[in-house]
Colleague: 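Below is one structure. I have some questions about it.
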Amino acid sequence: MSYNFNKIEADWQKYWAENQTFKASNNSDKPKYYVLDMFPYPSGAGLHVGHPLGYIASDIYSRYKRHKGFNVLHPQGYDSFGLPAEQYAIQTGQHPAVTTEQNIKRYREQLDKMGFSFDWSREVRTSDPDYYRWTQWIFIQLFESWYDEEAQKARAISQLEEIFSSNGNLQVRATCDEDVQEFSSEQWNAFSSEEKQEQLLKYRLTYLAETEVNWVPQLGTVLANDEIVNGVSERGGYPVVRKKMTQWSMRISAYAERLLQGLEQIDWTESLKESQRNWIGKSVGAMVTFHLHEETLKQVQGDEKIKSFGISVFTTRPDTIYGVTFMTLAPEHDLVLKITTSEQKEEVEAYVAASAKRSERERMADVKTISGVFTGAYAEHPFTKEPVPIWIGDYVLAGYGTGAVMAVPCGDQRDYDFAKHFAGQKGMPEIKNIFQDVDISEEAHSGKDGTIIANSGFLNGMPYKKALKAAIEELEKIGLGKGKINYRLRDAVFSRQRYWGEPFPVYYVNGMPQMIDEKYLPIRLPEVEKYLPTETGEPPLGNSSKWAWDRKKNKVVENEKIDHESVFPLELNTMPGWAGSSWYLFRYMDPLNEERFVSPEAQQYWENVDLYIGGSEHATGHLLYSRFWTKLLKDRGFLSVEEPFKKLINQGMILGQSAFVYRLEGENTFVSKNLTEGRKVQPIHADVSLVNFSDELDIKGFKKWRPEFKNAEFITEEDGTYVVGREVEKMSKSKYNVVNPDDICEDYGADTLRMYEMFLGPLEQAKPWNTAGITGVHNFLKKFWKLYHSSASREEEKFSVSEEKASADSLKTLHKTIKKVTEDIETFSFNTSVSTFMICVNELSAQKCNQREVLEPLAVLIAPYAPHIAEELWKRLGQNESVTTATYPVYEEKFLVESTKEYPISFNGKMRFTMELPLDLSKDEIQEAVMNDDRTNNQLSGSTPKKIIVVPGKIVNIVI
RNA sequence: GCUCGGAUGGUGGAAUUGGUAGACACGUUGGACUUAAAAUCCAAUGGGAAGAAAUUCCCGUGCGGGUUCAAGUCCCGCUCCGAGUACCA
């Protein structure tokens with residue numbers, strides 16, 4: 001029997017399923033290893049060959065670890081809440097749960113065909129109420145937590161209440177809203193319970209607040225910053241506008257420092273860590289208060305707050321404070337209209353109005369244009385007490401720092417450009433230079449090293465570092481500033497005005513949010529007629545007639561029962577896509593637990609993910625949020641680990657090879673690629689399945705493909721073929737370049753697909769898919785199969801393995817292969833191990849090796865890569881148990897010991913010939929042997945070498 | 001602009017961390033088997049020059065320098081491509 005991969009693969013997939021071969025146990029004496037893939041969103045299009053790349057790599061590693069004696073957890077599930085199913089529901093009325101279910105079924109079929117060693121008994125789906133019950137529960141934990149900056153951890157909100165009632169909030173160092181008012185214990189205790197709730201909300205790690213959000217009208221929802229790319233929505237590419245809305249937010253900013261520091265402890269790629277560092281955006285500097293100047297104070301008479309607080313700015317360069325030439329406020333800054341003089345009023349108001357109208361996108365697109373207006377107002381320099389003119393300009397962002405900057409043109413290029421642009425105008429003084437011996441006539445001096453501060457009072461003569469420290473100390477002394485660390489990381493908006501997501505376990509009493517007791521979770525998604533927003537503009541859940549909470553009966557009841565006494569309205573928003581994916585890794589550890597999201601025993605056994613494989617597009621979204629939730633759950637005592645993913649590898653994208661046909665403009669005639677020159681043609685995507693390996697189009701198939709091509713004419717090459725153009729693009733339906741893994745499995749088998757995907761190139765690298773190359777891998781597997789079989793005739797192939805001793809050459813080949821493949825797996829260089837297998841099989845075939853001594857370990861060695869063929873051969877070798885239970889072969893040095901070496905002999909660094917010499921020769925002996933060789937004399941042609949370098953075991957180089 | 005990657009035959013990609021550049025595969029060409037095709041097997045294949053031939057020589061890892069007996073690999077300066085980020089004070 002020849003290599004019948006379809007049958008073999010179906011048989012073994014069935015065997016694995018029936019025997020639960022890959023079921024992981026939570027009790028084992030073996031060391032544990034947890035391998036996780038980023039779970040997929042089950043889209044309607046199914047999987048294409050790009051998706052499994054990471055799954056194949058993680059599967060190889062999982063299988064390898066099992067052979068190495070580890071108890072491996074390798075689960076899979078679905079991120080099944082999400083926008084596409086809901087958009088589809090809006091168009092067709094089909095319930096998202098129904099389409100999601102169908103898509104999952106299709107995904108599962110596709111995944112099963114590829115022979116993955118997933119423990120499906122642990123499958124999770126984020127849209128399953130038994131799962132999102134715990135997402136809701138975690139939300140409640142966030143609500144019941146505050147961040148204690150003293151202890152650098154989250155604590156229970158009840159402890160905060162105790163502190164308030166005994167000491168007020170004056171001594172509390174917590175991460176909270178900016179506008180918290182100060183209160184004593186007496187004041188706190190006198191608050192009504194509603195007032196108390198209102199205050200606590202400013203401390204909770206998830207809170208309801210009116211924030212400026214990214215609103216996408218076309219999607220009818222808000223999105224978080226990481227879901228916006230280049231000013232448009234990541235999904236769909238719709239424009240984003242700024243809008244103030246009351247939304248749930250996550251106080252992730254509390255964890256900024258720990259999220260940053262934690263990166264040092266984990267084994268992720270440097271580029272990924274760098275993305276997170278940039279996103280967190282730590283800058284160390286100082287807050288400085290500029291009081292308003294006398295003249296300006298008169299103007300804001302009566303506003304005591306402004307009078308005493310002035311304008312605060314954040315700066316990373318307090319050492320340059322004497323270089324402050326002016327100040328700039330963001331146009332949205334609260335103070336702008338209050339301090340503007342009547343003279344400047346008209347101009348300022350016009351500017352504010354104009355910049356409010358500009359969208360984020362416009363502002364971003366147009367960075368070069370410098371604009372701004374003088375307010376007519378002046379602040380007072382904290383040290384010199386001199387007046388400092390106050391400007392507004394939209395290069396200052398309202399959302400970062402305080403929305404105001406002290407402008408030091410001599411040290412900051414943007415301030416410099418602004419100053420130069422408005423030089424000579426009213427309110428723009430000469431640029432102050434406070435750097436010793438530095439020329440600033442052309443540009444600002446932003447360097448720090450070696451710079452000496454001058455013209456700066458007490459800072460004169462100090463280098464950067466010293467001046468920085470001295471300035472902050474002095475500011476603190478006079479009470480006008482203090483050292484401060486600022487982060488770019490914003491709190492994350494957590495509400496979505498969508499249907500297909502987790503409902504919040506929240507109802508409202510007098511507008512104040514209340515958590516539903518965890519006993520009554522899950523709060524299930526209600527049924528709705530329509531998935532669009534309501535006529536009054538409320539989120540889709542507003543369409544439900546049964547969406548109210550009965551506090552006495554503790555259940556969801558009809559809206560008409562709302563009386564605000566015992567029945568209250570429920571939250572209409574749902575949670576964002578990243579809610580369920582922020583903690584799913586822990587659920588796999590204990591997926592059926594009905595008491596907890598994960599039991600402490602299961603979690604402490606599996607700890608966290610040892611190896612995580614997925615795409616780099618989640619760098620600042622999912623990967624940051626799940627780190628945040630893990631830290632919170634650890635702080636609150638529910639987890640024993642600080643980080644979710646110890647090691648992370650990003651797999652590169654597999655790109656499609658689009659095919660193009662060239663249509664003569666305005667005609668239905670297509671010109672073959674090599675004849676397009678000089679003709680006006682339009683390239684059109686053709687389906688890649690209509691093109692063969694030699695880029696020739698199946699003309700008949702093309703005519704049938706789409707009705708408009710039925711009568712198409714073709715100008716072909718001389719031999720009658722039509723050649724298409726090729727281009728590498730992202731794989732997508734609309735480009736007709738999608739290659740389906742099912743078809744590959746059908747034609748070549750899953751083992752071929754698995755090995756070919758690995759063979760394409762390094763895991764992390766993006767690479768184009770080219771089906772043509774797959775025959776190489778397929779032929780390799782056929783040759784591999786033949787090693788274990790004898791063929792008397794073409795049809796008759798019998799299993800045939802000899803029990804005799806293998807030759808030294810064969811053992812050497814085997815052990816060389818074991819060594820290389822093991823090293824490659826450990827370093828995730830799967831592409832080179834496939835080549836190594838090919839070399840091995842080529843060598844063993846040439847040696848006519850068929851000894852069990854070699855072929856048995858070889859079957860185990862290849863099992864992680866090509867599990868089906870390995871199982872079949874293992875069985876034929878007479879084994880009763882699955883090959884997955886076999887121990888990994890051990891490489892033995894003794895088989896590789898060489899006695900001679902083929903020395904490259906080079907002249908002036910260029911290799912001219914090789915010489916086989918015993919390895920135990922000394923330097924001098926080697927030199928002698930080389931110098932006595934005729935070929936050496938030939939190369940020298942009479943001259944004497946200047947120098948001879950001999951590196952025993954490596955090379956000989958003769959310098960002439 | 002900044003940050004991080006990358007550039008090697010017709011193609012995908014190897015190269016023990018300074019030591020035989022192009023492993024392995026695809027493609028191409030030639031051959032064997034076959035009535036024929038497919039499949040399979042064998043051989044050649046970085047570019048160029050000389051030779052009947054074995055063979056010999058020159059050029060070659062994006063570009064320009066450098067270090068070294070020896071550079072795809074290390075150093076300096078550029079070009080191009082990709083990813084992330086974007087007025088972050």
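Scope of the values below: all heavy atoms of this structure, side chains included, with no hydrogens, waters or symmetry mates. Naming: A, B, ... by sequence-line order, numbering from 1 per chain.
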Colleague: If you check every side-chain atom of A/S835, which of B/rC88, B/rC24, B/rU40 has the closest atom?
Modeller: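 Among B/rC88, B/rC24, B/rU40, the one nearest the side chain of A/S835 is B/rC24.
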Colleague: Show me the protein contacts with nucleotides 56-59 of chain B, counting only N or O atoms at under 3.5 Å.
Modeller:
unit_1: B/rC57; atom_1: OP1; unit_2: A/Q939; atom_2: NE2; d: 3.0
unit_1: B/rC58; atom_1: OP2; unit_2: A/R912; atom_2: NH1; d: 3.4
unit_1: B/rC58; atom_1: OP2; unit_2: A/R912; atom_2: NH2; d: 2.9

Colleague: Considering only side-chain heavy atoms of A/N842, which listed nucleotide, B/rC88, B/rA21, B/rA25, is closest?
Modeller: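 Closest nucleotide to the A/N842 side chain: B/rA25.
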Colleague: Between A/Y756 and A/H778, is the gap from one ring center to the other below 6.0 Å?
Modeller: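 No, too far apart.
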Colleague: Tell me the closest heavy-atom pair linking A/V959 and A/N908, and the distance in Å.
Modeller: CA-OD1, 3.4 Å
Colleague: Give the nucleotide from the list B/rG13, B/rU40, B/rU85 with an atom nearest to the side chain of A/Q765.
Modeller: B/rG13
Colleague: Which whole number of Å gives the distance between the C1' atom of B/rG46 and that of B/rC81?
Modeller: 23 Å
Colleague: Rounded to whole angstrom, note down the P distance from B/rC4 over to B/rA23.
Modeller: 34 Å
Colleague: Identify, with sequence neighbours excluded, every residue that meets ring-ring contact (aromatic ring centres under 6.0 Å, His included) alongside A/F780.
Modeller: none
Colleague: Is the phosphate of B/rU40 approached by A/K782 (side-chain N or O, under 4.0 Å from OP1 or OP2)?
Modeller: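 Checking A/K782 against B/rU40: at least one side-chain N or O falls below 4.0 Å of OP1 or OP2.
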Colleague: N/O contacts under 3.5 Å, protein versus nucleotides 69-71 of chain B?
Modeller:
unit_1: B/rC69; atom_1: O2'; unit_2: A/N957; atom_2: ND2; d: 3.0
unit_1: B/rC69; atom_1: O2; unit_2: A/N957; atom_2: ND2; d: 2.8

Colleague: Under 3.5 Å for both distances, Watson-Crick or G-U wobble, that's the pair rule; now give the dot-bracket for RNA chain B, with | marking pairs to another strand and [ ] for crossing ones.
Modeller: (((((((..(((......[....)))((((((.......))))))(((((....)))))..(((((..]....))))))))))))....
Colleague: Are the aromatic ring centres of A/F326 and A/F418 under 6.0 angstrom apart?
Modeller: yes
Colleague: Taking CG from A/L468 and C1' from B/rA89, how many angstroms apart are they, rounded to a whole number?
Modeller: 14 Å
Colleague: Of the listed nucleotides (B/rA25, B/rA15, B/rU3), which one gets closest to any side-chain atom of A/M838?
Modeller: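 For the A/M838 side chain, the nearest candidate turns out to be B/rA25.
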Colleague: Write down the distance separating the C1' atoms in B/rU56 and B/rU16, rounded off to the nearest Å.
Modeller: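 So the two C1' atoms sit 31 Å from each other.
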Colleague: How far does the P atom of B/rC63 sit from the matching atom of B/rU73, given to the nearest Å?
Modeller: 11 Å
Colleague: Of all the nucleotides listed (B/rG19, B/rU3, B/rU85), which has the minimum atom distance to the side chain of A/E274?
Modeller: B/rU3
Colleague: Where the side chain of A/P762 is defined as all heavy atoms beyond and including C-beta, which of B/rA14, B/rU20, B/rA89 is the nearest nucleotide?
Modeller: B/rA14
Colleague: Check the side chains of A/S829 and A/D824 for a donor-acceptor pair under 3.5 angstrom, ignoring hydrogens and angles.
Modeller: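 There is no such pair (donor and acceptor under 3.5 Å, judged by atom type) between the side chains of A/D824 and A/S829.
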Colleague: A/F759 has a side chain; which of B/rA15, B/rC87, B/rG12 sits nearest to it?
Modeller: B/rG12
Colleague: Distance check, P atoms only: B/rU68 and B/rG12, in whole angstrom units.
Modeller: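 The same atom, P, in both gives a distance of 36 Å.
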Colleague: Please report the distance separating the P of B/rG62 from the corresponding atom of B/rC58, rounded so that it comes out in whole Å.
Modeller: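 Pairwise P distance, B/rG62 against B/rC58, rounds to 22 Å.
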Colleague: Give a yes/no answer on whether the side chain of A/S271 brings an N or O atom under 4.0 Å of OP1 or OP2 in B/rA83.
Modeller: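 Result: no.
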Colleague: What's the gap between B/rG9 and B/rU67 when it is taken at their P atoms, as a whole Å value?
Modeller: 27 Å
Colleague: Write down the atom of A/L648, the atom of A/N650, and the distance for their closest heavy-atom approach.
Modeller: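 Minimum heavy-atom separation between A/L648 and A/N650: CD2-ND2, 3.7 Å.
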Colleague: Return the nearest nucleotide to the side chain of A/V405; candidates are B/rA89, B/rG13, B/rA15.
Modeller: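 Between B/rA89, B/rG13, B/rA15, the one nearest the side chain of A/V405 would be B/rA89.
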Colleague: Which one, B/rC26, B/rU85, B/rC87, comes nearest to the side chain of A/T775?
Modeller: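 Nearest to the side-chain atoms of A/T775, counting from C-beta on, is B/rC26.
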Colleague: Taking 4.0 Å as the cut-off, does a side-chain nitrogen or oxygen of A/N831 come that near to OP1 or OP2 on B/rA14?
Modeller: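 The answer is yes; a side-chain N or O of A/N831 sits under 4.0 Å from OP1 or OP2.
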Colleague: Establish, from distance only, whether the side-chain atoms of A/Y351 and A/S371 form a donor-acceptor pair under 3.5 Å.
Modeller: yes
Colleague: Which residues pass the ring-ring contact (aromatic ring centres under 6.0 Å, His included) test with A/F435, not counting sequence neighbours?
Modeller: A/H445
Colleague: Would you say the side-chain atoms of A/N486 and A/S283 include a donor-acceptor pair closer than 3.5 Å?
Modeller: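 No, because no side-chain N or O of A/N486 sits under 3.5 Å from a partner of the opposite role on A/S283.
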Colleague: List for me each residue that meets ring-ring contact (aromatic ring centres under 6.0 Å, His included) alongside A/F660, sequence neighbours excluded, and say none if there are none.
Modeller: A/H685
Colleague: Distance between the C1' atoms of B/rG30 and B/rG18, in whole angstroms?
Modeller: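 B/rG30 and B/rG18 have their C1' atoms separated by 40 Å.
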Colleague: Using a distance-only test with no angle check, is there a side-chain donor-acceptor pair under 3.5 angstrom linking A/K783 and A/N842?
Modeller: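 On atom types as modelled, these side chains qualify, holding a pair under 3.5 Å.
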